Amino acid sequence: MKRLIPIPLFLLLTISFTYASTDDLKDEAIRLVDSQKDRLIEISDRIWDYAETALKETRSSKELINYTKQCGFDIKEGVAGMPTAFIAEYGSGKPVIAVLGEYDALPGLSQKASAKKEPLIEGAPGHGCGHNLLGVASIGTAVAVKDLIAAGKLKGTIRYYGAPAEEAIGGKVYMTRDGFFNDVDVVLAWHPASQTQADTGQSLCMVDIQVEYFGKTAHGAADPWNGRSALDGVELFTHGLNMMREHVPPSVRMHYVIKNGGNVPNVVPDYAMVWCYIRDKDHDGVNELLKWVRKIADGAGLMAEVDVKFTINTGYYERIVNIEGVKLLHENLVRLGAIKYTKEELAFAEQLLKAIGVKDKKLDGTVQMYELPPPPPTKGSSDIGDVSWITPLIHLRAVTHPEGVPGHSWGIVACGKHSIGYKGMLYAAKAMALTAIDLFQDEDARERIRKEFEESTKNSDYKPYIPDGPPPIPAP
């Protein structure tokens, strides 16, 4: 018969203290985010004002770099060949926990912080995806965790990735290709939304292509038979693409714009170009679609007797959902509870919805927090998908605009410089900070997350869609 060995009292007290200290650390992290509130709002507002588009986020990235420098981070600028990309790091050793930030705006969405459509500058860019809030919340998380590491309360490395051009080439794809995530244990990320949830929705895989046609110019009336219209090639291509729609799965999305169709009607155009996105639920599906789309492009060239050039500009892999990580995040959302709103904020939201065309919607100040099991998959695409194929990713959505406001719209721009947006930004910073504390302290949780990741990617054939060579940096 085995003898029972009593556990010494001091050991019981140590176990109890360790558990309590995690709880205390989370309370402290919340205070540390709140202590940054005014500064974070100030930086977010400046980035909102700058509204810089992909790979032109010079002032926006500098705001974030300056703040992290002031907070004691080591900075690496110009990452992966992108002048507006950077990595801010504090601490040493394992684990390495990363937080992702974005700060690029969208063309043509200039808007005041108003509940009616009022462009600041007609045709200018605006933050129609809330990236001014996105990048700053992640900075708030990184700084709060850094303070805990500096105080000796956490051990390891916190790393912030300043990732440009999510709305264009996908800066994180270039960072992924160049190995900047290879040593990361877990990545935290978030996105502005109209619900708060530990995100279990899988994003779509997407490729960004352009198809160019090269013909022969001639007078449109005097001798059009001597010409070969590049625009004919584009129109035949888009017609073929639209015929293809009937015969693809419901998960497929295809959309395009004609970027160049000639100059004047009475000259047969010798150059034309169509820009197109092709999406599906995973990269295997997209790869099959690409084979078909290439045939349509070549066939259109044959019919119009023009030359064709088919180019893949970039592409985003589907996001791998890590359920173990989602559960960890969800517990912290329950701890924080839902965001609460004032009467003035609810009135602003109702006016905004009315201006957009959502009629008679009354808001009571409560916002749904999704419970597990998961909501339906999202239909968008993001370069965080590529990151999720290299290291485990935990993704959050937090409310920054009312439900009913379309994505990539002036309504989201308006909320990005309003207290509704600020509350979501600060909430996201806290939720990720609490989850980061779990990741630093709970080795078993990290192992479960890593095991699920390795199972999800065991047959991985990940190869980024971007072309060889440096990113296509625009001229100043």
Side-chain angles (χ1 to χ4, degrees), residues 54 104 106-109 128-129 165-170 172-173 191 201-214 229-262 269 271-304 306-320 376-386 388-389 406-409 461-467 472:
D104 58 323
L106 285 159
L109 287 178
C129 210
E166 190 274 337
E167 301 288 2
I169 65 163
K172 289 184 279 298
V173 184
H191 203 281
Q202 179 180 308
S203 61
L204 297 177
C205 180
M206 179 274 290
V207 287
D208 169 335
I209 63 173
Q210 66 182 41
V211 185
E212 298 170 277
Y213 290 95
F214 304 87
S229 173
L231 180 58
D232 286 350
V234 162
E235 290 190 290
L236 287 164
F237 170 76
T238 58
H239 182 68
L241 201 67
N242 289 323
M243 294 299 99
M244 178 181 170
R245 292 183 194 278
E246 183 182 356
H247 309 288
V248 296
S251 55
V252 173
R253 298 289 185 272
M254 300 184 291
H255 24 271
Y256 60 84
V257 291
I258 296 174
K259 294 288 288 183
N260 191 318
Y271 177 78
M273 188 265 274
V274 58
W275 183 18
C276 184
Y277 284 6
I278 306 292
R279 309 183 201 241
D280 201 358
K281 59 180 173 29
D282 56 39
H283 61 280
D284 288 334
V286 164
N287 291 340
E288 289 303 311
L289 292 169
L290 274 175
K291 294 176 185 176
W292 194 351
V293 172
R294 284 180 186 271
K295 292 177 183 177
I296 292 172
D298 291 339
L302 288 172
M303 286 188 285
V306 294
D307 294 327
V308 58
K309 181 181 179 182
F310 189 100
T311 304
I312 296 178
N313 295 320
T314 189
Y316 302 161
Y317 267 56
E318 68 276 15
R319 182 171 72 242
I320 298 175
T378 180
K379 297 301 180 186
S381 306
S382 172
D383 56 0
I384 63 171
D386 288 70
S388 76
W389 283 81
H408 289 191
S409 74
D461 56 351
Y462 174 74
K463 182 182 179 182
Y465 285 109
I466 52 176

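All residue numbers refer to positions in the sequence shown, counting from 1. Keep in mind it's a predicted model, so treat the numbers as computed, not measured. Because only heavy atoms are used, hydrogens play no part in the values below, and waters and symmetry mates are left out as well, while side chains stay in.
Using a 4.5 Å cut-off on side-chain heavy atoms (C-beta onward), Val234 and Asn260 make no contact.
We find the CD-CD1 distance between Gln202 and Ile320 to be 8.0 Å, quoted to the nearest 0.5 Å. One distance of note links CG of Asp280 with CD of Glu318; it measures 9.0 Å at 0.5 Å rounding. How far OG of Ser409 is from CG of Leu106: 10.0 Å, rounded to the nearest 0.5 Å. Once rounded to the nearest 0.5 Å, the distance linking CD of Glu166 with CD1 of Ile384 reads 8.0 Å. Atom CH2 of residue Trp275 and atom CD of residue Glu212 lie 13.0 Å apart, to the nearest 0.5 angstrom. Taking CD from Gln210 and NZ from Lys259, the interatomic distance works out to 10.0 Å, rounded to the nearest 0.5 Å.
The closest side-chain donor-acceptor pair between Tyr462 and Asp386 falls under 3.5 angstrom.
Looking at residues two or more places apart in sequence or on another chain, you find no ring pair (Phe, Tyr, Trp, His ring centres under 6.0 Å) involving Phe310. Among residues two or more places apart in sequence or in another chain, the side-chain contact (heavy atoms from CB on, under 4.5 Å) test is passed with Met303 by Leu236.
In this pair, Tyr317 and Tyr465 present their aromatic rings tilted. The plane angle is within the 30 to 60° band. Between Phe237 and Tyr213, the ring-plane angle classifies as tilted under the 30° and 60° cut-offs.
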Inset, instruction - Output, in order, the C-alpha distance, side-chain angles, deciding distance and verdict of side chain to side chain contact (heavy atoms under 4.5 Å, CB included) for Leu290 and Ile312. - result: CA-CA 10 Å; Leu290 274 175; Ile312 296 178; 4.0 Å; yes

Inset, instruction - For ring-ring contact (aromatic ring centres under 6.0 Å, His included), just list the numbers for Tyr277 and Tyr256, CA-CA rounded to whole Å, side-chain angles, deciding distance to a tenth of an Å, and then say yes or no. - result: CA-CA 6 Å; Tyr277 284 6; Tyr256 60 84; over 10 Å; no

Inset, instruction - Could you go through the side chain to side chain contact (heavy atoms under 4.5 Å, CB included) check for Val211 and Val308 one step at a time? - result: CA-CA 7 Å; Val211 185; Val308 58; 3.7 Å; yes

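Of all the heavy atoms in Asp282 and Cys205, the pair that sits closest is C-CB, 3.6 Å. Closest non-hydrogen pair, Arg279 versus Leu289, comes out as O-CD1, 3.9 Å. Across Ser229 and Val306, no two heavy atoms sit closer than the pair O-CG1, 3.6 Å. Shown here for Val274 and Thr238, the closest heavy-atom pair between the two residues is CG2-CG2, 4.0 Å. The nearest pair of heavy atoms linking Arg319 to Ser203 is N-OG, 3.0 Å. When all heavy atoms of Ala168 and Ala54 are compared, the pair lying nearest together is CB-CB, 3.3 Å.
Not a single donor-acceptor pair under 3.5 Å links the side chain of Asp232 to the backbone N or O of Ala304. The closest donor-acceptor contact from the side chain of Arg253 to the backbone of Met206 lies at 3.5 Å or more, if one exists at all. Ser381 places a side-chain N or O within donor-acceptor distance of the main-chain N or O of Leu204, the cut-off being under 3.5 Å.
Each of Val207, Leu241, Asp298 was scored for a side chain to side chain contact (heavy atoms under 4.5 Å, CB included) with Val293, with one residue passing: Leu241.
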